[in-house]
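The structure displayed is predicted, hence computed values, not measured ones.
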Amino acid sequence: MSSTAGQVICCKAAVAWEAGKPLVIEEVELAPPQAMEVRLKILLTSLCHTDVYFWEAKGQTPLFPRIFGHEAGGIVESVGEGVTDLKPGDHVLPVFTGECKECLHCKSEESNMCDLLRINTDRGVMLNDGKSRFSIRGQPIYHFVGTSTFSEYTVVHVGCVAKINPAAPLDKVCVLSCGISTGLGATLNVAKPQKGSSVAIFGLGAVGLAAAEGARIAGASRIIGVDLNSHRFDEAKKFGVTEFVNPKDHNKPVQEVIAEMTNGGVDRSVECTGSINAMISAFECVHDGWGVAVLVGVPNKDDSFKTHPMNVLNERTLKGTFFGNYKPRSDLPSVVEKYMNKELELEKFITHEVPFSEINKAFEYMLSGAGLRCIIRMGA
């Protein structure tokens, strides 16, 4: 075990004291891991749109002060009682959702939605005792989705930690902890396009471009990017997108435009925006008889999906996915290997890098739309 095992660690963390306000680098105290928990040394982390959404407290009850962050790479510092498949020094990716390996979902080959460790944005504490492991001068600081990687050290449930190849560069594969894997898996695991097929991608942010990357890997011959921002097309070409449609450029529904382009509809579509209109268009633009549409984006809680029943009776298939249908502990190591084998290109997703001391710049890049992923280098 490490020399700090079982002890409280003092380390630096970027604390969000209030919604929408710049993070403040503070010295925090981090308790040792309890049963089925792991304490990690975070070496690199990345900013995801989910962090920004909850930092801004949009549509939620604010839970502050809080330590955000859930895309990261690091090493195991120490383990709690009952942890048998990880040891100090292991290279890992913490993940916002988990795999307990015991519930019905984890035992099913068709699901990755763990009953115990499914994402919970409201909890803010550890499952073991309902308390936070972070504190400042006795004041608890809330966790975020069980990871809180905007800290030099963090404590995570073992079910939310994927052990990976130690040769994999953490400054690249750390982005696989959330959005990139979600989009990639939505295409490869759920849509499953055949070689030479056509795929429409709705939304060309990081998740949508990862979905396009999946279509490229699968060998799709036509990858049609759909976005309201025409400036994204040049960037999308790097991810295999061959054609671009901006719904604002047409006086008819975009699903009709795509149907005309493809002689009846695309073979597969992947929706990555969260817009209910985009979801309906993604479903209605696939070809009857065999078309499959996959929904990735999270809609507003008051939205409802409406389409004519004949669209279903005509043998179109609608599917949803969570984290690209990957089981974090079982499947994420193989996604890392895709990168190591040069099947998956991650470098093109990483557009910026900042030291931990300048973490607020990452928020500026995200809010301005200046890049896809910003790597935050801890200890700098």
K.L.:
Would you say the side-chain atoms of R268 pair up with the backbone N or O of A191, donor to acceptor, closer than 3.5 Å?
P.N.:
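Yes, R268 side chain to A191 backbone: donor-acceptor pair under 3.5 Å.
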K.L.:
Between D51 and H70, do the side chains contain an N or O donor and an N or O acceptor separated by less than 3.5 Å?
P.N.:
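Yes.
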K.L.:
Could you tell me whether R216 and E213 make a salt bridge, using a distance below 4.0 angstrom between a side-chain N and a carboxylate O?
P.N.:
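A salt bridge links R216 with E213.
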K.L.:
Could you tell me whether the side chain of L47 reaches within less than 4.5 Å of the side chain of F150, counting heavy atoms only?
P.N.:
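F150 reaches L47 side chain to side chain.
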K.L.:
Within the structure provided, determine whether M279 and P299 are in side-chain contact (heavy-atom separation under 4.5 Å).
P.N.:
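M279 reaches P299 side chain to side chain.
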K.L.:
Would you give the length of the straight line joining atom CZ of F356 to atom CD1 of I42, rounded to the nearest 0.5 angstrom?
P.N.:
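With rounding to 0.5 Å, CZ (F356) is 10.5 Å from CD1 (I42).
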K.L.:
Can you confirm whether the side chains of T273 and E271 place a donor and an acceptor under 3.5 Å from each other?
P.N.:
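There is such a pair between these side chains.
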K.L.:
Go through the steps to decide whether E337 and N165 satisfy the test side chain to side chain donor-acceptor pair (under 3.5 Å), and finish with yes or no.
P.N.:
CA-CA 8 Å; E337 291 308 309; N165 184 343; 3.2 Å; yes
K.L.:
Between D85 and K163, is the closest basic N to carboxylate O distance under 4.0 Å?
P.N.:
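Not counted as a salt bridge, because no side-chain N and carboxylate O are separated by less than 4.0 Å.
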K.L.:
Between L116 and H157, is any pair of side-chain heavy atoms under 4.5 Å apart?
P.N.:
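L116 vs H157: side chains touch.
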K.L.:
Each residue besides L228 in its hydrophobic cluster should be listed here, by chain and number; the cluster joins Ile, Leu, Val, Met, Phe, Trp and Tyr at side-chain heavy-atom distances under 4.5 Å.
P.N.:
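None, because no other hydrophobic side chain comes under 4.5 Å of this residue.
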K.L.:
Side-chain contact test, heavy atoms from C-beta onward, threshold under 4.5 Å: evaluate it for P33 versus V38 and give yes or no.
P.N.:
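Not touching, per the 4.5 Å side-chain cut-off.
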K.L.:
Assign the ring pair F54 / F144 to parallel, tilted or perpendicular, where the plane angle (0 to 90°) is split at 30° and 60°.
P.N.:
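Ring orientation, 0 to 90° scale: tilted.
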K.L.:
Identify whether NZ of Lys or CZ of Arg in K361 sits under 6.0 Å from the centre of the six-membered ring of F363 and within 45° of that ring's axis.
P.N.:
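No, cation not above the ring by the 6.0 Å, 45° rule.
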K.L.:
Under the criterion ring pair (Phe, Tyr, Trp, His ring centres under 6.0 Å), I'd like the reasoning laid out for F239 against F349: C-alpha separation, chi angles, the key distance, then a yes or no.
P.N.:
CA-CA 9 Å; F239 299 82; F349 288 97; 4.8 Å; yes
K.L.:
For a 4.5 angstrom cut-off between non-hydrogen side-chain atoms, does F68 reach V52?
P.N.:
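F68 does not reach V52 side chain to side chain.
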K.L.:
Do the ring planes of W290 and H287 sit parallel (below 30°), tilted (30 to 60°) or perpendicular (above 60°)?
P.N.:
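Taking H287 first and then W290, their aromatic rings lie parallel (interplane angle under 30°).
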K.L.:
So that I can tick it off, tell me whether K238 and E345 are bridged by a salt bridge, with the cut-off set at under 4.0 angstrom between side-chain N and carboxylate O.
P.N.:
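Looking at E345 and K238, the cut-off is not met.
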K.L.:
Considering only NZ, NE, NH1 and NH2 on the basic side and carboxylate oxygens on the acidic side, decide whether R133 and E37 come within less than 4.0 Å.
P.N.:
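Yes.
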K.L.:
At what distance, to the nearest 0.5 angstrom, does CG of L93 lie from OG1 of T147?
P.N.:
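Those atoms lie 12.0 Å apart.
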K.L.:
With a 4.0 Å cut-off, would you call R329 and E99 a salt bridge?
P.N.:
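Salt bridge: no.
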K.L.:
Is the closest basic N to carboxylate O distance between E243 and R222 below 4.0 Å?
P.N.:
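Salt bridge between E243 and R222, a charged N being under 4.0 Å from a carboxylate O: yes.
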K.L.:
So, is the end of the K172 side chain (NZ or CZ) under 6.0 Å from the ring centre of Y339 and within 45° of the ring's axis?
P.N.:
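Cation-pi check for K172 and Y339: fails.
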K.L.:
Before accepting this row, confirm whether a basic side-chain N of the pair E26/K12 lies closer than 4.0 Å to the acidic partner's carboxylate O.
P.N.:
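No, this pair does not count.
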K.L.:
Which is it for Y142 and S132 under the side-chain contact (heavy atoms from CB on, under 4.5 Å) test, yes or no, and what are the steps along the way?
P.N.:
CA-CA 6 Å; Y142 291 111; S132 175; 5.6 Å; no
K.L.:
Give a yes or no on whether a salt bridge exists between R39 and E77, defined as a side-chain N under 4.0 angstrom from a carboxylate O.
P.N.:
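Looking at R39 and E77, the cut-off is met.
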K.L.:
If you count the non-hydrogen atoms of other residues, nucleotides and ligands that lie under 6.0 Å from CD in E81, is the total more than 12?
P.N.:
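12 or below, so no.
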K.L.:
Just wondering, are more than 12 heavy atoms of other shown residues or ligands nearer than 6.0 Å to NZ in K41?
P.N.:
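No, because the 6.0 Å sphere around NZ of K41 holds 12 heavy atoms or fewer from other groups.
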K.L.:
Is the closest basic N to carboxylate O distance between E260 and K252 below 4.0 Å?
P.N.:
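Answer for the salt bridge query: yes.
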K.L.:
Should S177 and E71 be marked as a side chain to side chain donor-acceptor pair (under 3.5 Å) after you check the CA-CA gap, both sets of side-chain angles, and the distance that decides it?
P.N.:
CA-CA 5 Å; S177 291; E71 284 190 353; over 6 Å; no
K.L.:
Return yes if a side-chain donor-acceptor contact under 3.5 Å exists between S111 and H105, otherwise no.
P.N.:
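Checked: S111/H105 side chains pair up, N/O donor to acceptor below 3.5 Å.
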K.L.:
Please examine the side chains of I164 and L170, heavy atoms only from C-beta on, and report whether any two atoms are closer than 4.5 Å.
P.N.:
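The answer is yes, as the side chains (C-beta and beyond) meet within the 4.5 Å cut-off.
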K.L.:
Given side chains that start at C-beta, do those of L332 and V95 come closer than 4.5 Å, heavy atoms only?
P.N.:
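The answer is yes; the side chains approach within 4.5 Å.
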K.L.:
Please report the C-alpha distance between I224 and V245 in whole Å, then the side-chain angles of each, then the deciding distance to 0.1 Å, and finally whether the side-chain contact (heavy atoms from CB on, under 4.5 Å) criterion is met.
P.N.:
CA-CA 7 Å; I224 301 170; V245 177; 3.9 Å; yes
K.L.:
Under 4.5 Å between any side-chain heavy atoms of C48 and F96, yes or no?
P.N.:
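They are not in side-chain contact.
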K.L.:
Should F323 and L117 be regarded as members of a common hydrophobic cluster, given that ILVMFWY residues are connected when their side-chain heavy atoms come within less than 4.5 Å of each other, either directly or indirectly?
P.N.:
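F323 does not cluster with L117.
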